[in-house]
Protein chains: 2
Amino acid sequence: MGIRSKTEEKLLDAAEELFFTHGIAATPVDVILDRAGVSAATLYRGYPSKEALVAAALTRRHKAWLAAWDRAIERQATARGKLLAVFDALDEFMARPGGARWCAFLGSAAEYADAPAEILEAVREDTNAYQTRLAELAVPVVGRQAQALADELLLVVTGVLAMRLREAGQGTTTARRVAGLLIEARTA
Amino acid sequence: MGIRSKTEEKLLDAAEELFFTHGIAATPVDVILDRAGVSAATLYRGYPSKEALVAAALTRRHKAWLAAWDRAIERQATARGKLLAVFDALDEFMARPGGARWCAFLGSAAEYADAPAEILEAVREDTNAYQTRLAELAVPVVGRQAQALADELLLVVTGVLAMRLREAGQGTTTARRVAGLLIEARTA
DNA sequence: GTCTATATGCGGATAGAC
DNA sequence: GTCTATCCGCATATAGAC
């Protein structure tokens with residue numbers, strides 16, 4: 001999978017920026033190739049299909065997201081701060097130029113009625129990472145109620161991302177307020 | 001707009017069921033026509049384009065959703081029950097056979113990088129309805145904090161819908177718990 | 001690796017007969 | 001209103017020359 005070169009990187013850069021802002025179906029491969037300065041023959045030697053390129057872009061993006069999240073966690077000193085750091089990371093990630101219109105993973109899941117296995121797997125990994133990490137981070141904050149709180153926070157995070165599709169998006173402001181109230185309710 | 005007949009209804013039935021489960025881009029008009037038992041000529045005399053049909057399906061669905069929500073509100077006796085009735089309505093609406101895979105309105109917004117005006121308007125109406133109604137219903141429950149609570153609940157509702165794209169959907173269970181805690185926090 | 005050309009199929013929309 | 005046929009454009013993927 002992939003070509004391992006600067007060509008490969010330019011391909012993934014273009015794919016990530018175009019697929020997840022304009023949409024996958026709405027972005028012909030030609031446009032990707034133009035942007036990347038790569039020829040069709042090169043693309044199809046590295047990837048068997050358009051979907052494989054999508055999956056590769058998702059995988060790379062997932063790693064970048066985890067890294068950004070990790071940095072946001074490290075910046076916080078308290079257990080509560082580390083748990084809420086997911087919103088810092090979201091703010092940072094959503095503000096990136098050329099970032100996704102709402103969420104690359106949910107968006108990919110939404111675009112395929114039944115997604116190719118590789119794409120489904122990437123989305124699943126994204127969800128898994130949220131569940132595992134949120135549950136771990138919640139333990140020092142609310143103890144045995146960590147799992148319940150993690151479920152609630154994943155709901156909120158997913159809500160923040162999907163709210164970007166409505167015009168009334170308020171960034172993470174409301175989400176942070178909700179998260180705070182949930183923690184309060186579970187620590188009081 | 002529209003043909004005003006049983007043909008029209010069959011067309012909208014097929015459009016609603018197919019567009020919002022399989023996806024708009026993924027559903028050719030031919031498939032709609034087959035399902036509806038309608039010819040292409042008929043469709044294009046009633047609607048100028050595929051997008052116009054999508055918009056008409058969204059509009060009809062919006063009315064049905066408001067009606068279902070109204071009924072759920074009426075079934076509740078207390079102010080708190082009426083505010084939380086949105087989740088009853090969601091449960092009912094999401095369980096309908098041939099219902100949307102996640103949310104017809106968010107899904108439509110997601111499929112178009114820049115949506116046609118008619119579709120954008122339908123999504124906007126959906127969001128507006130949530131904001132207006134939730135804020136009104138929240139007043140007798142939390143008084144001056146109604147607006148804040150309404151924002152939070154819209155976030156939760158949107159989260160519930162988008163969570164259907166992940167495999168880990170828990171229906172409205174977690175959402176109801178969050179809503180309950182939010183109300184508690186604002187009434188205590 | 002790039003370029004150009006192209007095979008191939010599909011989808012939206014229209015035309016004409018009935 | 002239905003049917004069949006079709007124009008037209010686009011998109012994925014491939015082939016061949018360099």
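Here is the naming used below: chain letters follow the sequence lines, and residue numbers restart at 1 for every chain.
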What side-chain donor-acceptor pairs closer than 3.5 Å can you find for residues 73-81 of chain B, not counting sequence neighbours?
from	atom 1	to	atom 2	distance (Å)
B:Gln76	NE2	B:Asp88	OD2	3.3
B:Thr78	OG1	B:Gly81	N	2.8

- Task: Report the distance from atom NZ of A:Lys6 to atom C1' of C:dG1, rounded to the nearest whole Å.
- Result: 15 Å
- Message: What is the distance, to the nearest angstrom, from the CG atom on B:Leu53 to the C1' atom on C:dG12?
- Response: 13 Å
- Item | Where at least one partner belongs to residues 177-188 of chain A, residue pairs that pass side chain to side chain donor-acceptor pair (under 3.5 Å), sequence neighbours excluded | A:Gln145-A:Arg186, A:Glu152-A:Arg186, A:Arg177-B:Glu152
- Task: Write down the distance between CD (B:Glu111) and P (C:dG11), rounded to a whole number of angstrom.
- Result: 14 Å
- To the nearest Å, how far apart are A:Asp34 CG and C:dT4 P? 11 Å
- Pairwise side chain to side chain donor-acceptor pair (under 3.5 Å) hits with a residue in residues 21-33 of chain B, at least two apart: none
- Whole angstrom is fine here: how far is it from CG in B:Leu33 over to P in C:dG12? 10 Å
- Between B:Arg45 (CZ) and C:dG12 (P), how many Å, whole number? 19 Å
- Query: Hey, are the side chains of B:Leu58 and B:Asp126 touching, using non-hydrogen atoms and a 4.5 Å cut-off?
  - Reply: no
- Can you list every pair that meets ring-ring contact (aromatic ring centres under 6.0 Å, His included) and has a residue in residues 74-99 of chain B, with sequence neighbours left out? B:Trp65-B:Phe93
Which atom pairs, one a donor and one an acceptor, fall under 3.5 Å between side chains of residues 102-119 of chain A and the rest of the protein, sequence neighbours left out?
from	atom 1	to	atom 2	distance (Å)
A:Ser108	OG	A:Ala104	O	2.7
A:Glu111	OE1	A:Ala25	N	3.1
A:Glu111	OE2	A:Ile24	N	2.5

- Query: Atom CG of A:Leu18 to atom C1' of D:dA11: distance rounded to whole Å?
  - Reply: 16 Å
- Query: When you check every protein heavy atom under 4.0 Å of nucleotides 12-18 of chain D, what one-letter string (B, S, -) results, 5' to 3'?
  - Reply: BBB----
